[in-house]
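Protein chains get the first letters and strands the later ones, always in sequence-line order, with residue 1 at the start of each. In this text, all values refer to a predicted model and were calculated from it rather than measured experimentally.
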2 protein chains.
Amino acid sequence: MDKFEVKLDQAARAAWLSYVGGRTQDEIAAQLGVSRPGVQRLLALARQEGLIKVHIDHPISNCMTLGQALRDQFDLEFCDVVPVDPDAEHNSAHYVAVAGCDRLTRYLERTEPLTLSLGSGRTVRATVEAVSRMDRPQHRFVSLVGNVARDGSSNRYDGVTALADKTASGRFLLPAPVVAGSVEEREALLNQRLFQAIASVAAEAEVGFIGVGPINRQATLFQDDFINESELDELLSCRAVGELLGWPLDAQGRIIDCSVTRRVTSPALESLAPQRLVALAGGTDKGPAILSALRGGWLKGLITDEAAARYVLDNAVRR
Amino acid sequence: MDKFEVKLDQAARAAWLSYVGGRTQDEIAAQLGVSRPGVQRLLALARQEGLIKVHIDHPISNCMTLGQALRDQFDLEFCDVVPVDPDAEHNSAHYVAVAGCDRLTRYLERTEPLTLSLGSGRTVRATVEAVSRMDRPQHRFVSLVGNVARDGSSNRYDGVTALADKTASGRFLLPAPVVAGSVEEREALLNQRLFQAIASVAAEAEVGFIGVGPINRQATLFQDDFINESELDELLSCRAVGELLGWPLDAQGRIIDCSVTRRVTSPALESLAPQRLVALAGGTDKGPAILSALRGGWLKGLITDEAAARYVLDNAVRR
DNA sequence: TCTACTCACGAACAATTGATCAGTCAAGGG
DNA sequence: CCCTTGACTGATCAATTGTTCGTGAGTAGA
């Protein structure tokens with residue numbers, strides 16, 4: 001057996017003794033025949049490898065209430081709200097990711113083949129990272145959004161590859177920029193056989209986990225070099241507040257018609273209506289974008305945090 | 001809102017910050033506006049109330065191997081083997097219980113109505129204890145084994161009540177001793193309308209979680225005053241090695257015909273064949289009993305620990 | 001064979017967590 | 001109005017956990 005496997009094995013055993021059995025590291029050390037710092041290292045490894053899954057089994061009423069309100073008001077199938085941690089340096093994406101992982105895992109556990117689409121962004125990526133390894137060769141994952149930046153480099157926040165690696169499933173990546181350089185380039189891309197093949201897989205997906213991007217100076221779309229500064233300025237000037245898969249939305253959730261829109265390569269949002277789109281996004285700064293996406297009625301599920309949930313409810317006058 | 005609910009709420013929040021967020025108690029204290037020992041108390045409460053569920057996400061290869069072997073050899077649908085902890089004072093029942101809870105929860109999560117039967121014993125009880133509260137009014141739980149001791153007292157290890165309480169489901173308890181005082185008494189019990197009603201619910205169960213009892217001086221059946229000493233002696237003298245629902249089994253898993261057998265009030269094991277019987281039992285001392293139950297082919301699933309699994313595999317010559 | 005390098009180990013120390021206990025405050029009763 | 005009771009609080013200390021760093025074993029290359 002692989003040396004690393006043996007370590008992991010022992011790490012799992014140590015973790016079991018520590019977390020489930022509640023024994024001290026000294027006891028575990030005696031048990032496994034290693035030194036106490038050895039146990040420490042094993043536990044650190046177990047945590048790092050994501051072997052340890054903690055689940056807090058209580059509907060934190062505040063979050064429950066917020067979730068219920070959002071579900072009712074925006075006609076969602078589900079809405080999970082996680083508690084916020086104001087001074088978390090890694091802006092709470094982790095919390096949303098853990099909750100997202102729960103939902104995602106529920107789909108993955110299915111034995112029938114599943115086609116699942118993924119958006120892009122840090123939150124989606126973090127969610128995928130939190131998923132545990134499992135063997136699901138029957139599933140297929142497909143990206144809903146191009147993962148090539150303007151300079152040709154691939155997106156660091158691609159979730160499809162990571163998820164497919166973890167589950168030994170099929171992967172379908174969209175080899176295109178989110179926003180093409182010109183209308184003609186977009187046309188050319190869309191006519192490629194390969195591109196169409198992937199788009200048709202995407203159309204077959206039952207469910208999609210996507211991010212929600214705010215449109216501002218910190219916009220992921222801009223930071224990650226999918227659009228340039230003048231394009232960002234254009235979006236801002238026509239009052240875009242957020243984007244889904246690259247499609248800019250106004251405050252009411254309508255897709256804005258502007259020069260950028262005509263060059264977006266992602267599948268049309270309308271065409272994704274048959275699938276269950278689940279948005280993963282948290283933080284006050286994403287509030288306006290989330291509200292917009294909800295108002296547009298694009299989402300069937302939402303996983304967010306207290307801060308964003310409160311923003312949305314405070315600013316959503318009942319239509 | 002209830003004062004206790006508020007506490008629990010805050011406890012859940014503290015637990016979230018601590019376990020999922022990985023923050024220190026000092027940080028959590030600042031966050032929630034309580035003192036550090038206050039956080040300590042909240043976390044203790046959360047643990048005590050079973051709000052925190054830890055799951056080690058790694059097929060500990062050793063256990064995996066044992067489980068696979070048992071599954072293959074005895075034609076089981078599944079077999080979970082948990083690692084053993086030799087110097088755990090509470091004889092490893094807790095470990096088996098956690099694993100059992102996982103399986104049990106999978107059934108409970110179903111939305112369609114489920115009828116589930118339960119055996120008796122410490123392990124079954126501990127498994128039920130580990131289940132988290134959920135609302136499942138559509139389910140029904142029924143006991144497969146009488147829960148009245150010879151002195152008329154009710155069994156401390158009854159799982160049906162505990163599980164029904166946790167899930168707000170229907171409960172059906174068998175108001176009878178496991179072993180009746182005489183053949184006539186048994187006859188009288190079986191003819192009661194109430195008894196028959198419960199037995200018919202039991203017959204409808206899809207799945208049953210039961211314990212496996214060893215037959216020796218430490219036998220639960222004896223310790224808990226379901227049978228008296230002379231009955232125990234009789235069972236020992238006709239080579240009983242274990243019991244399922246009170247039915248004594250020989251080393252080959254056949255039901256032994258003796259005076260005790262003719263007074264057992266539980267449903268006949270044969271009649272339970274349509275349902276999925278899952279045994280929960282661990283520890284070397286239960287090894288012979290588990291082996292017997294497996295040989296008899298009574299089980300569809302087994303949740304046990306390394307020690308028992310190894311005993312069974314070491315002593316089971318391939319038939 | 002020697003040397004340089006890597007890697008894992010465990011000693012020692014720092015940080016965090018868990019437990020105890022005396023003091024305080026609020027509610028209820030005389 | 002004062003006293004009793006009981007629960008909660010936070011100071012303090014002990015236990016446990018996390019981290020750092022020097023050491024030595026093992027290994028590959030000169």
Side-chain angles (χ1 to χ4, degrees), chain A residues 1-58 60-61 83 85-90 94-95 98, chain B residues 1-58 60-61 83 85-90 94-95 98:
Chain A
M1 198 196 300
D2 188 357
K3 203 166 173 186
F4 181 70
E5 292 287 323
V6 175
K7 266 248 124 63
L8 225 59
D9 227 65
Q10 207 170 28
R13 196 170 283 252
W16 186 288
L17 291 165
S18 170
Y19 284 81
V20 183
R23 350 223 73 223
T24 71
Q25 296 187 353
D26 274 320
E27 292 175 301
I28 299 169
Q31 180 90 36
L32 300 182
V34 295
S35 71
R36 220 264 304 152
V39 174
Q40 183 67 247
R41 276 185 275 270
L42 285 174
L43 289 175
L45 175 69
R47 275 188 288 264
Q48 192 204 314
E49 293 294 315
L51 262 51
I52 296 163
K53 287 282 149 62
V54 183
H55 175 76
I56 308 295
D57 201 339
H58 182 79
I60 303 181
S61 72
D85 179 0
D87 28 274
E89 63 293 350
H90 42 293
H94 179 228
Y95 292 76
V98 169
Chain B
M1 198 195 297
D2 190 355
K3 202 166 173 187
F4 182 70
E5 291 287 324
V6 175
K7 265 254 126 61
L8 224 60
D9 228 65
Q10 207 170 28
R13 196 171 283 253
W16 187 287
L17 291 166
S18 170
Y19 285 82
V20 182
R23 353 224 68 225
T24 71
Q25 296 187 354
D26 274 321
E27 292 175 299
I28 300 170
Q31 180 90 31
L32 300 182
V34 296
S35 70
R36 217 267 301 156
V39 175
Q40 182 68 246
R41 276 185 277 270
L42 285 174
L43 289 174
L45 176 69
R47 277 188 288 264
Q48 191 204 313
E49 292 293 316
L51 261 50
I52 297 163
K53 287 282 150 61
V54 183
H55 175 75
I56 308 295
D57 203 339
H58 181 79
I60 301 181
S61 71
D85 178 0
D87 27 276
E89 64 294 349
H90 44 290
H94 179 227
Y95 293 75
V98 169

*Which nucleotide in the list C:dG10, D:dG18, C:dA19 gets nearest to the side chain of B:Pro37?*
C:dA19

_Checking contacts here: which listed nucleotide (D:dG10, D:dT16, C:dC9) is nearest the side-chain heavy atoms of A:Lys7?_
C:dC9

*How many angstroms lie between CG in A:Leu32 and CD in A:Gln25, if you round to the nearest 0.5 Å?*
11.5 Å

*What is the distance, rounded to the nearest whole Å, between atom CG of A:Asp26 and atom P of D:dA15?*
12 Å

*Please examine the side chains of B:Ile52 and A:Asp57, heavy atoms only from C-beta on, and report whether any two atoms are closer than 4.5 Å.*
no

_Ignoring hydrogens and geometry beyond distance, is the side chain of A:Arg41 in donor-acceptor contact with the base of D:dG18 at under 3.5 Å?_
no

*Rounded off to whole Å, could you give me the CD-to-P distance for the A:Glu27 and D:dA15 pair?*
14 Å

_Distance below 4.0 Å between A:Arg36 side-chain N/O and C:dC13 OP1 or OP2_ = no

*For the side chain of A:Gln40, counting heavy atoms from C-beta on, which of D:dG18, D:dA11, C:dG10 is nearest?*
D:dG18

*Distance, rounded to the nearest Å, where B:Gln25 contributes CD and D:dT16 contributes P*: 15 Å

*Where the side chain of A:Ser35 is concerned, which of D:dG18, C:dT17, C:dG10 is the nearest nucleotide?*
C:dG10

*Within this structure, what is the OH-to-P distance between A:Tyr19 and D:dT16, rounded to whole angstrom?*
17 Å

_Spacing of A:Leu42 atom CG relative to D:dT19 atom P, expressed in whole Å_ = 15 Å

*Does the side chain of A:Tyr95 come within less than 4.5 Å of B:Leu17's, by heavy atoms?*
yes

*Over how many whole Å does the gap from B:Leu45 atom CG to D:dT9 atom P extend?*
13 Å

*Distance in Å, B:Ser35 OG paired with B:Arg41 CZ, rounded so as to fall on 0.5 Å steps*: 6.0 Å

*Between P of D:dT16 and CD1 of A:Ile28, the distance in whole Å*: 12 Å

